[in-house]
Amino acid sequence: MTPLAAYLIVAALVFAIGLAGALTRRNAIMVLIGIELMLNAANLNLIAFWRYSPHPELLSGMMFAIFSIAVAAAEAAVGLGLVISIYRHAKTTDVEQMNRMKG
Amino acid sequence: MGIVFYLISAFAVGGALAAVLLKNLVHAALALTIAFFGLALLFLRLDAQFAGFAQILVYVGAVAILVVFAILLTKGSEVPKDGVFSKSWLAGLAISAGVFAVLAWAVLQAAPALPNEAAAPAITVNDIGNALMSRYVLPLEIVAVLLTAALLGAVIVAMHEKERAKQ
């Protein structure tokens, strides 16, 4: 196995674990944690492809990863704000009980 | 691949598994921190020092703290009696196992086409700063606007609505 393939396998494993967390947990915060793990796995892919690319001095993959980290931070802040807002309204963070769109 | 890679990978994957499986949400958040730290070490091993330290600063320093605050503000630290996994957990597990199988198959089937495995790229923070200020200046500005909008949006969404409470 080449080093690139090893890093990609690790990223796929972390992505699958994050997806399982986002799909199977009932707490909305745990769903967000699963999404964060998936974003991190994608970042690992970007960095690994950058490292083993023919022209790493162009910094394309690195810049993708840095911007992705910034966007993920914004996503986490808004997502957790939404969870707190929903908890204040419905007194629960269980996604299986959030089945109404009317307030 | 050296033993260090396997150790760090086991660290990251074990942290991610614990974050998903642990019942207590505070413990899950701490395991998530371990997973973020392991991924940052993998970045450092890939000669991406800036991304690795940005990962530690942003994820371990900010996102993990934000998650802990959200857990404490929503009383999520209490373990619910009727289980932490949803009723359709088997379908979710099957979907994620299928996704991993497809991804691993694609990675192992692909020919190792990228040749640059020997030389580590000599990238300094100076180069990254120059690239951010020249070629990537428009995405940088857009990210600045996005972060401002997200900050304001998060505050407005989570702000207590006193007017509605009075009615």
Side-chain angles (χ1 to χ4, degrees), chain A residues 1-10 12-21 23-27 29-30 32-34 36-37 40 43-44 47-54 56-57 59 62-63 65-67 69-71 73-74 76-78 80-85 87-88 93-94 96, chain B residues 1 5 9 12-13 16-17 19-20 25 28 32 35-36 39 42-43 46-48 51 54-55 58 62-63 66-67 70-71 73-74 76 84-87 89 92-93 95-97 99-100 103-104 107-108 112 114-117 121 123 127-128 131 136 139 143 146-147 150-151 153-154 157-158:
Chain A
M1 197 192 299
T2 60
L4 177 64
Y7 281 106
L8 295 185
I9 292 284
V10 171
L13 203 51
V14 175
F15 184 89
I17 291 169
L19 185 64
L23 289 179
T24 60
R25 294 293 294 243
R26 293 173 59 175
N27 195 302
I29 296 173
M30 285 308 299
L32 275 173
I33 286 178
E36 291 294 329
L37 281 174
N40 261 288
N43 281 348
L44 181 60
I47 295 276
F49 277 122
W50 165 78
R51 167 66 179 79
Y52 296 115
S53 67
E57 69 276 4
L59 285 170
M62 175 81 109
M63 285 299 155
I66 289 169
F67 286 122
I69 287 173
V71 173
V78 175
L80 291 169
L82 282 173
V83 171
I84 290 172
S85 177
Y87 174 77
R88 200 177 283 141
T93 51
D94 190 339
E96 291 195 341
Chain B
M1 301 311 297
F5 169 76
S9 302
V13 173
L17 262 181
V20 169
L25 277 189
L32 179 75
F36 285 160
L39 283 163
L42 282 176
F43 287 4
L46 281 166
D47 301 306
Q55 163 95 357
V58 173
V63 172
L66 213 58
V67 167
I71 290 168
L73 282 173
T74 58
V84 293
F85 294 103
S86 72
K87 289 190 281 285
W89 64 273
L93 202 65
I95 288 170
S96 46
V99 167
F100 174 70
L103 286 175
V107 167
L108 294 177
L114 297 177
N116 186 14
E117 287 185 356
I123 301 292
D127 296 332
I128 295 171
Y136 297 97
V143 160
L146 173 81
L147 282 175
L151 186 72
V157 161

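Throughout, a chain's letter reflects where its sequence line sits, starting with A, and its residues are numbered from 1. As the structure is a prediction and not an experimental result, all values here were calculated from the model.
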Quick check for you: among [options], which has the greatest number of heavy-atom pairs under 4.5 Å with chain B?
options: A/Glu36, A/Met62, A/Glu96; answer: A/Glu96
options: A/Leu8, A/Leu32, A/Ile17; answer: A/Ile17
options: A/Leu59, A/Ile84, A/Val14; answer: A/Leu59

With a 4.5 angstrom heavy-atom cut-off, is it the side chain or the backbone of [X] that approaches chain A, or both, or neither?
X: B/Ile128; answer: both
X: B/Val143; answer: side chain
X: B/Ile123; answer: side chain
X: B/Ala104; answer: both
X: B/Leu32; answer: side chain
X: B/Val58; answer: side chain

Establish, yes or no, whether a centroid distance under 6.0 Å links the rings of A/Tyr7 and B/Phe5.
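Centroid separation for A/Tyr7 and B/Phe5: below 6.0 Å.
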Part of A/Asp94 lying under 4.5 Å from any heavy atom of chain B
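Neither part.
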Contacting moiety of A/Ile66, where chain B heavy atoms sit under 4.5 Å:
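Just the side chain, heavy atoms under 4.5 Å.
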Could you check whether any side-chain heavy atom of [X] comes within less than 4.5 Å of a side-chain heavy atom of [Y], counting everything from C-beta outward?
X: A/Arg25; Y: B/Phe85; answer: yes
X: A/Tyr52; Y: B/Leu46; answer: yes
X: A/Asn40; Y: B/Gln55; answer: yes
X: B/Leu146; Y: A/Val71; answer: yes
X: B/Thr74; Y: A/Ile29; answer: yes
X: A/Asn43; Y: A/Ile69; answer: yes
X: B/Phe100; Y: A/Leu19; answer: no

Top residue by heavy-atom pair count (under 4.5 Å) with chain A, among B/Ser86, B/Gly153, B/Ala150?
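Looking at each option in turn, the highest pair count goes to B/Ser86.
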